[in-house]
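Just so it is clear: chains get the letters A, B, ... in the order the sequence lines come, proteins before strands, and each one is counted from 1. Remember, predicted model here, so these are calculated numbers, not experimental data.
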2 protein chains.
Amino acid sequence: MKPTVHDIARSAGVSLATVDRVLNGRPGVRHVTRERVEKAISNLGYVRDVAAANLAKGRTYSFVFVMPSNDNSFMIEIRDEVHAAMSRSGAERTQIRVVDVPPFDAQALADALDRIAADKPDGVAFVAVEGAQVHAAVARLKETGIAVVTLVSDLPGSERDHFAGIDNNAAGRTAANLLGRFTGGREGRIAAIAGSMLVRDHRERLEGFLAVMGESFPRLSVLPVMEARDDPALAAEVVSAALGHHPDIIGLYSLGAGNRGIVHALREVSEGARPVVVAHELTRTTRAALAEGLIDALLNQDAGHEVRSAIRVLKGKVEGLPVIAAQERIRIDIFLKDNMP
Amino acid sequence: MKPTVHDIARSAGVSLATVDRVLNGRPGVRHVTRERVEKAISNLGYVRDVAAANLAKGRTYSFVFVMPSNDNSFMIEIRDEVHAAMSRSGAERTQIRVVDVPPFDAQALADALDRIAADKPDGVAFVAVEGAQVHAAVARLKETGIAVVTLVSDLPGSERDHFAGIDNNAAGRTAANLLGRFTGGREGRIAAIAGSMLVRDHRERLEGFLAVMGESFPRLSVLPVMEARDDPALAAEVVSAALGHHPDIIGLYSLGAGNRGIVHALREVSEGARPVVVAHELTRTTRAALAEGLIDALLNQDAGHEVRSAIRVLKGKVEGLPVIAAQERIRIDIFLKDNMP
DNA sequence: TATTTTCTGATTTACGTACCTCAAAAACTG
DNA sequence: CAGTTTTTGAGGTACGTAAATCAGAAAATA
């Protein structure tokens, strides 16, 4: 039978109240007594019944998710997952609020964070945009005792507690590896298209990509990165122009969003002349393109995992628990048309 | 505030006892009253507090995991995950027992299942071996009212409730796709090495592999599959022999275990002459080989996910809940050296 | 020694649900 | 209509923990 607090009290020869004081770090227990209780705990292998504890506490955690009002599929998916979490919030004793901010706008983000800090929620998750203002706002949040997690795009060097997202440098390296191998020994040019070099995740992907391209595939030369602000229409235009200009493009890495436009542009190219394409995020568009053969490989980060991980970490931080790195690592999924979920 | 049973009772104008009778399907409620209560439940959006319910029930689920006494890394990992689940079992109100059976032995497996049935656990998970005896044993388990889940290797056509594992046909297809593309337009032979064609998962992988090879890569000819019973020593021998015999082998698909031996054999080959290699399962050996470049891509099924999914499904079955397919789908992970976790 | 301070014990209530009993009311039966 | 059966109500206990109160014991201080 699983030991309970009563068993510990009996085993340590103290009262229930004292056990409670030790377990919950309340004051008023002599050092020797505390040790006696702790020994009983480890002897009996007691573990707190979290369900019962939460039931007794009745406390709910209030979290705020700050989301850029982007309309690309991936951000929509993230929002959906946050909303799914909100609907589960009753069962998990969390209360989640979503705050919208304009995308790629450091000042607006910092302002939003400051406004949120005034409400004193237990935790905040946000998609980082780089900027000194944001760093400062994060510092203020932490000062107020609020747990802070970055989501999808990180803000290294800031005082955030955790980053819930993938290793974007590794993603770029993986993309390069796939593209290099899929082009099968041929020589030619590689085009890379990003949303914006102002966003850290895109920059890191490109860095990783270029590194592996340089190291392992000298036969391929990468054109200067194109930026299309994750806008499908702009992306279509840019890609079409590039393909028209350089008939020797044999590979394309789409490291941002706006794949709808890119797919559109690729469809115009005759089948034999189509480059090998690696893109990010499994969405309706990219899934169809993968099945059709317009995209050759997809790198994906699981939005659901990221959101749930962020919530788990926030909760843990509020309770003063350490982050279990292995559990919170978000994987880079690779999808070919054969292993699409 | 989250509604409770009290709120429902008040809203429906009935007593707590009646609400309880409706919620737990107990008899003795008139049809009209039952409907009134159900309406109140949906009106208020009541959801049972599972934690509190479990606390009150105090029931624990008893599950048995039947594992082949294989010593390959993947099976060891599965066992480790089962043990990890056992150590968590207190918190999750499950009691898990592990039963060992000799590998690849349908009769022994069937006997073990029959012995287990006598104990009347709530659920059983096992790694299937094909055979009429096993089908019959599963039927007997189900007759006794025991939930049954197959793990890693399935037993289609049997009365098992669920399969916790990957789509092995898709895995084979994915391997073929990778191998085809990584060999980059060259012509040559492809070797495939399996554990045993008696195990369904290996057979399905091979089927998928051959299908895509035939469809998409006619320039590659696949040699007859070699079987090495997941034994490293035997695998090393077989692979060495094949490579010696056919200098035009440019690709190798290791679809079973025993990769330690295969890696050993590959190391003997001069770097330029090494085939492209796709293997299964991320273990210490394969991870090192991937980093070193001896293996080019790894397909992986997450042992932890599989075990946890099996337990979740067993629990659900005992409680009469449906399986949420999307949640229980085990993904085929692809790892290149750049996205290893 | 007297007094204060610090520690500890005993006990209680609450969380939301399950499950039980007993009595009373309502609905049927003939 | 009386008698029987079915349905409902009222109330309690339990699960394991949190959190509080208050009294009493022990230790430290004056």
Calculate the interatomic distance between B/Arg34 atom CZ and D/dG9 atom P; express it in whole Å.
13 Å

Can you tell me how far P of C/dC19 sits from CG of B/Asn54, to the nearest Å?
11 Å

Given C/dT17, D/dG16, D/dT7, identify the nucleotide with an atom nearest to the side chain of A/Ala52.
D/dG16

Between the side chain of A/Thr150 and the main-chain N/O of A/Phe126, is any donor-acceptor distance below 3.5 Å?
no

Could you pull out all residues at least two apart from B/Arg312 that satisfy salt bridge (Lys or Arg N to Asp or Glu O under 4.0 Å)?
B/Glu328

Nearest whole angstrom, please: distance from the C1' of C/dA14 to the CG of B/Leu55.
13 Å

Okay, side chain of A/Asp161, backbone of A/Val149: is any donor-acceptor separation there less than 3.5 Å?
no

Can you name the side chain to side chain contact (heavy atoms under 4.5 Å, CB included) partners of B/Thr60, sequence neighbours left out?
B/Arg93

Short of 4.0 Å, heavy atom to strand atom, which residues of residues 16-26 of chain B count as contacting DNA chain C?
B/Asp20, B/Asn24, B/Arg26

Mind checking side chain to side chain contact (heavy atoms under 4.5 Å, CB included) for A/Pro121 and listing every partner two or more places apart, or none if nothing turns up?
A/Ser62, A/Val64, A/Ile116, A/Asp119, A/Val124, A/Ile146

Side chain proximity check, A/His162 to A/Ser309, heavy atoms < 4.5 angstrom:
yes

Calculate the interatomic distance between B/Asp49 atom CG and D/dT17 atom P; express it in whole Å.
16 Å

Measure the distance from NE2 on B/His6 to P on C/dA18 and round it to the nearest whole Å.
12 Å

For the side-chain contact (heavy atoms from CB on, under 4.5 Å) test, which of B/Val152, B/Ile332, B/Leu282 pairs with B/Gln301?
B/Val152

When the distance from OH of A/Tyr46 to P of D/dG16 is rounded to whole Å, what number comes out?
10 Å

Using only side-chain N and O atoms of B/Ser15, determine if any of them is under 4.0 Å from OP1 or OP2 of D/dG9.
yes

Just wondering, do A/Ile96 and A/Ile311 contact through their side chains at under 4.5 Å, heavy atoms?
yes

Those residues that, when tested against B/Ala137, pass side chain to side chain contact (heavy atoms under 4.5 Å, CB included) (two or more places apart):
B/Ala110, B/Leu113, B/Asp114, B/Arg140

Does anything in residues 35-45 of chain B reach DNA chain C, meaning a heavy atom under 4.0 Å, and if so which residues?
none

A/Ile8 atom CD1 is separated from D/dA18 atom P, nearest whole Å, by 10 Å

Integer-rounded Å distance: C/dC15 C1' and A/Lys57 NZ:
13 Å

